[in-house]
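Quick notes on the structure that follows.
Heavy atoms only: backbone and side chains are in, while hydrogens, waters and symmetry mates are out.
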Amino acid sequence: KQVQLFKAPDGECLSPAGEYNLNLGIRQVLEPELIATSREKTSAHEGHPFIVEAAVSLGGNSQVKEGITVLRFANRIPLLFEGGADVATRVAHGKIKWGSYKIDQKKDKVGVFVSIVSTKIPFKGTSKEYIGDDATEIQESVKKALQNCCKKLRVHLLKRNAARDAAQRKSRLSKYIPDVSRSLYGILDGMQKRHAEDDEADGRPNK
């Protein structure tokens, strides 16, 4: 195992969808509020090169439901069945700590998109509808790609939350300013009247 007789495949023969096309397609169809994409470097599984591209979107139109929705592609073809057993679904639901990226996986509309291209997709079963998570190299690439997407989203979410908190503080202050102003006026007016009464009692002229 320590002897390297052959170079790892470089993946030049592969034709991934591309982050730009992935981003553009998601924006046109789902209209999300935020989206981040990532592409992992070429790796190999059982001697066959593969590339993992991923995207994570937040929000969107009526086609997107609350919670995590996973869409999978193998050699640019959508996989429509056996989604629960697929490596992309299992990583999205079990390997990503969404809360640490300021994403609520139950309430937010989270779209997870994973595209895998390879000279040999390691499908499970004869139906070729899903990729098992026992392919360690693919599982790790999917996990890293989704984590990179989440890191990019976290930066935007922190800025958005900070701006929202500042706006809320400003709104609350604006709401109470009239009451505070009236209270301060009442206090100052009362002080002035007491001062005038004290001056009058002492026989001093009012100023």
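Grouping the Ile, Leu, Val, Met, Phe, Trp and Tyr side chains by contacts below 4.5 angstrom, directly or via other members, places Ile68 with Ile103. Residues Leu79 and Tyr130 are members of separate hydrophobic clusters, defined by side-chain heavy-atom contacts under 4.5 angstrom among Ile, Leu, Val, Met, Phe, Trp and Tyr. When hydrophobic clusters are built by joining Ile, Leu, Val, Met, Phe, Trp and Tyr residues whose side-chain heavy atoms come closer than 4.5 Å, directly or via intermediates, Ile35 is grouped together with Val64. The hydrophobic cluster containing Val114 does not contain Val117, counting ILVMFWY residues as joined when their side-chain heavy atoms lie under 4.5 angstrom apart, directly or transitively. Hydrophobic clustering (ILVMFWY, side-chain heavy atoms < 4.5 Å, transitive): Ile138 and Ile121 are in one cluster.
Scanning all heavy atoms of the two residues, the minimum distance from Ser38 to Glu19 falls at N-OE1, 3.3 Å. In terms of heavy-atom proximity, Ala145 sits nearest to Ala54 at CB-CB, 3.7 Å.
Dense packing is recorded around NZ of Lys152, with more than 12 heavy atoms of other residues, nucleotides or ligands lying under 6.0 Å away.
Side chains of Phe50 and Thr42 form no contact here, defined as non-hydrogen atoms less than 4.5 Å apart. At least one side-chain heavy atom of Leu158 sits under 4.5 Å from a side-chain heavy atom of Arg154. Using a 4.5 Å cut-off on side-chain heavy atoms (C-beta onward), Ile131 and Phe123 make contact. The shortest side-chain heavy-atom distance between Leu146 and Val91 falls under the 4.5 Å cut-off. Side-chain contact between Phe81 and Ser127: absent, with no pair of heavy atoms (C-beta onward) separated by less than 4.5 Å. Side-chain atoms of Arg39 and Pro16, non-hydrogen and from C-beta on, do get closer than 4.5 Å to each other. Between Gln147 and Cys150 the shortest side-chain heavy-atom distance does not fall below 4.5 Å. When side chains are defined from C-beta on, Val155 does not count as touching Tyr101, because their heavy atoms never get closer than 4.5 Å.
In summary, the side chains of Ser141 and Glu40 do not present any donor paired with an acceptor at a separation below 3.5 Å, with no hydrogens or angles considered. Side-chain contact annotation: Arg76 with Ser15, donor-acceptor N/O pair under 3.5 Å present. Between the side chains of Asp134 and Gln139, no donor N or O sits under 3.5 Å from an acceptor N or O. His48 and Ser118 form no side-chain donor-acceptor contact under 3.5 Å, judged by distance and modelled atom types alone.
With hydrogens and angles ignored, the 3.5 Å screen pairs a side-chain donor or acceptor of Glu53 with a backbone N or O of Gly18. Arg72 places a side-chain N or O within 3.5 Å of a backbone atom of Glu129 that can act as its donor or acceptor partner. No donor-acceptor pair closer than 3.5 Å links the side chain of Trp98 to the backbone N or O of Val110.
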Check your understanding: Between Arg160 and Glu33, is a side-chain contact (heavy atoms from CB on, under 4.5 Å) present by the stated rule, with each step listed?
Key -> CA-CA 11 Å; Arg160 188 183 70 178; Glu33 297 175 12; 3.3 Å; yes
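Checked against Ile26 for a side chain to side chain contact (heavy atoms under 4.5 Å, CB included), the options Asn23, Leu22, Val29 give a single hit: Leu22. Residue Val112 forms a side chain to side chain contact (heavy atoms under 4.5 Å, CB included) with just one option from Thr89, Ile96, Thr69, Val70, and that option is Val70.
A distance of 10.0 Å separates CG in Leu34 from CG in Asp108, rounded to the nearest 0.5 Å.
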